[in-house]
Amino acid sequence: MKLVFERPKSLQETKTHYCPGCGHGVIHRLVAEVMDELNIREKTIGVAPVGCSVLAYNYFNCDMQQAAHGRAPAVATGIKRVLPENIVFAYQGDGDLAAIGTAEIIHAAARGENITVIFVNNAIYGMTGGQMAPTTLLGQKTETSPYGRNAQSAGYPIRVCEMLSTLDGASYLARAQVTDVKNILRAKSYIKKAFETQINKKGFSLVEILSPCPTNWGMSPSNAIFWVKNEMTKVFPPGIYKDWEEGR
Amino acid sequence: MEKILMKGNEALAEAAIRAGCQCFFGYPITPQSELPAYLAREMPKRGGVFLQAESEVAAINMVYGAAGAGARVMTSSSSPGISLKQEGISYLCGAELPCVIVNIMRGGPGLGDIQPAQSDYYQATRGGGHGDYRTIVLAPSSVQELVDLVYDAFDLADLYRNPVMILGDGILGQMMEPVVFKERPKRELPPKDWATTGMKNRKQNVINSLYLDPVKLEEHNWKLYRKYKEIEEKEVRYEMINCDDADYFVVAYGIAARIALSAIEMARERGIKVGLIRPITLWPYPAKAFEEVISRAKAFLTVELSLGQMVDDVKLSVNGRAPVYFYGRPGGMVFTAEEILKEIEKMRGWPDETGI
Ligand SMILES: Cc1ncc(C[n+]2csc(CCOP(=O)(O)OP(=O)(O)O)c2C)c(N)n1
Ligand code: SF4
């Protein structure tokens, strides 16, 4: 029999704790496939955030450190400075990266820290039960914006790729969505490029991935996909924001 | 061996490099600034990493990452900065990561001032961050001791997989004294086979402080507790000066102990038999030292540059068996030996009173 599909070596055999229709599982798989394809698993150290993906070390089959809320880029910096020849990636949600950890991500990028960040933007705090995130859309209802996010009292969503693209230290920045096969494959190609950026010692790379959270959005998995595609992409346009190879 | 005249902060930095410190992460704050400046100059030349972080919060988390990757790593700060590092210190203790944290204390609370103080004693010895944990706390009282304790700090950190704090005050950081960098025998230390260095040819290593299973969390905390007990048994350090014939005792650490010693000499000239108990480890606290003298002790006087923090540990050690008095100034201003002498004389005047 011909083997046509198997689990990437970089993923462990674990029962998922993610909700049905959650994007985290798909994104884990993409990162793992890229690690396999680049043959870097045995020299990679991942940093898990605080958030729904806090247990990332139970999924990725590589050395892992679990970081305090928002501090993954600092922890990754510490690792990378000690082990410059290894591959270091941080995996973060939007609450983690764009709220409590804003300083850490901006400065890791500004330093051109040679690490890769996988940034999962689901426009909400998943783990703590659906509170407003810095990436929550205007009008979006959450536990702490029950009447819809209002710019006057709660400010505006933060566009991370756009913001980081002003920093000279950032070498590769891209935003994708895990909504359909084409977009998932595109997300994977961005992730691969981000790791290649690090392998080539070109500095800081980050891939933002728009990802559904059906549970806290109060939607069916399929409606959540539509919402990413139709609503989130309006505020967070997918695409490549910075690429050292193309001089942008 | 060559004696060099050096400022405390710089001597500490040099000792750290000699003790094998591979990387330093910090954020500027007075009165410890000469330490990072020295390392910024020296580390790159001597194969180490120096990085000025964007904040104390980031610095301590860089320490976490580097320690987890198996390096000897240090950070330094002063009181308000140490407050910010508490989140990371709790995580370092939870994940059992070795590192050295220097606190050159200044006056607080809040922004306070940049003058010397010893008012971070509670924070240093009681944890400071969330959770049941302890950090080993070393309190030198001279520049030479500062240097010597740096080597010990790195070894103790690696031996117990635990953060070690060097607690000094502004004077110690700023004063210049002759120091000798002695060659030290290398201590046998456990291999860092738990470090995340890439999993080639072995199982996955995970650095973590999360235990979602309550049974596992409790087990982990009991394990930490047993480690702390072992440290309490094996690593207590203190110095006793003029104690052999004494019936009164001054208890002081760090710079306060230096000043107290002058006061004790003055008291002895006046015929008061007083000795000094100087804790070197503030955690584990040297309760032992008190046992040595308790049968003949008429009273104890705790002297601190705070409103009374270590005095709690003195009272716990004495446990009601003799009066315990306190004299302190809350930081910023430093007491003189004469002021302490007055307190010693008072103590002798009230031998039968119970302590404060
Ligand atoms: C210092 C600190 N503050 C708050 C929390 C609680 N907390 C846990 S997860 C989380 C939000 C995570 O949201 P996000 O990063 O968007 O990840 P998601 O769960 O959506 O994947 C918060 C606030 C914490 N663990 N630590
Ligand atoms: S709460 Fe949301 S982000 Fe968290 S696992 Fe469920 S769907 Fe995924």
Side-chain angles (χ1 to χ4, degrees), chain A residues 9-12 14 17 35 39-50 54-88 90 100-111 113 115 127, chain B residues 21-25 27 43 48-73 75 84-92 94-95 97 99 129-130 192 194-213:
Chain A
K9 276 207 173 56
S10 300
L11 272 191
Q12 305 189 41
T14 317
H17 79 290
M35 275 160 65
N39 196 24
I40 53 173
R41 181 178 74 89
E42 293 186 327
K43 63 170 189 172
T44 295
I45 297 130
V47 182
V50 168
V54 67
L55 295 172
Y57 50 83
N58 284 345
Y59 298 95
F60 292 115
N61 186 19
C62 64
D63 276 2
M64 296 285 294
Q65 294 196 17
Q66 201 286 315
H69 196 26
R71 317 298 176 218
V75 170
T77 297
I79 301 169
K80 188 71 182 188
R81 293 294 176 118
V82 173
L83 303 169
E85 300 308 317
N86 288 58
I87 300 300
V88 180
I100 192 168
T102 324
E104 283 80 0
I105 196 66
I106 287 180
H107 288 274
R111 283 193 302 270
E113 208 64 51
I115 59 171
M127 190 190 221
Chain B
C21 178
Q22 293 158 275
C23 34
F24 176 91
F25 303 97
Y27 185 82
M43 284 297 241
V49 173
F50 170 89
L51 181 59
Q52 179 170 319
E54 62 271 27
S55 67
E56 287 86 353
V57 176
I60 193 74
N61 282 284
M62 291 171 185
V63 166
Y64 178 102
R72 277 203 154 179
V73 50
T75 184
L84 278 173
K85 287 188 204 281
Q86 293 301 337
E87 173 198 59
I89 297 174
S90 169
Y91 274 78
L92 283 154
L97 292 177
C99 68
H130 60 287
K192 296 189 174 181
W194 43 264
T196 57
T197 51
M199 63 180 287
K200 203 174 164 94
N201 304 325
R202 61 159 167 76
K203 288 200 331 272
Q204 180 196 36
N205 278 346
V206 176
I207 301 295
N208 186 21
S209 63
L210 174 68
Y211 295 86
L212 286 177
D213 177 346

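Chain letters run A, B, ... following the sequence lines, proteins first and then strands; every chain starts at 1. Just so it is clear, the values below take in all heavy atoms, side chains as well, and ignore hydrogens, waters and symmetry mates.
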Contact part of [X] toward chain A, heavy-atom cut-off under 4.5 Å: side chain, backbone, both or neither?
X: Gln22(B); value: neither
X: Val49(B); value: side chain
X: Ile60(B); value: neither
X: Tyr91(B); value: side chain
X: Ala67(B); value: neither

Minimum heavy-atom distance between Ile79(A) and Gly65(B), given as atom pair plus value:
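Residues Ile79(A) and Gly65(B), closest heavy atoms: CG1-O, 3.3 Å.
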Using heavy-atom distances under 4.5 Å, tell me whether [X] contacts chain B through its side chain, its backbone, both, or neither.
X: Leu55(A); value: side chain
X: Val75(A); value: both
X: Asn86(A); value: side chain

Would you say the side-chain atoms of Asn205(B) pair up with the backbone N or O of Asp63(A), donor to acceptor, closer than 3.5 Å?
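No, Asn205(B) side chain to Asp63(A) backbone: no donor-acceptor pair under 3.5 Å.
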Is the side chain of Glu104(A) donor-acceptor paired with the backbone N or O of Val57(B) at a distance under 3.5 Å, no angle test?
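Between the backbone of Val57(B) and the side chain of Glu104(A) there is no qualifying donor-acceptor contact (under 3.5 Å).
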Apply side chain to side chain contact (heavy atoms under 4.5 Å, CB included) to residues Glu54(B) and Ile106(A) and explain how you reach the verdict.
CA-CA 10 Å; Glu54(B) 62 271 27; Ile106(A) 287 180; over 6 Å; no
Check the pair Leu210(B) / Tyr57(A) against side chain to side chain contact (heavy atoms under 4.5 Å, CB included), numbers first and verdict last.
CA-CA 11 Å; Leu210(B) 174 68; Tyr57(A) 50 83; 3.4 Å; yes
Out of Gln12(A), Gln66(A), Arg111(A), which one racks up the most heavy-atom pairs below 4.5 Å with chain B?
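Going by pairs under 4.5 Å, I would pick Gln66(A).
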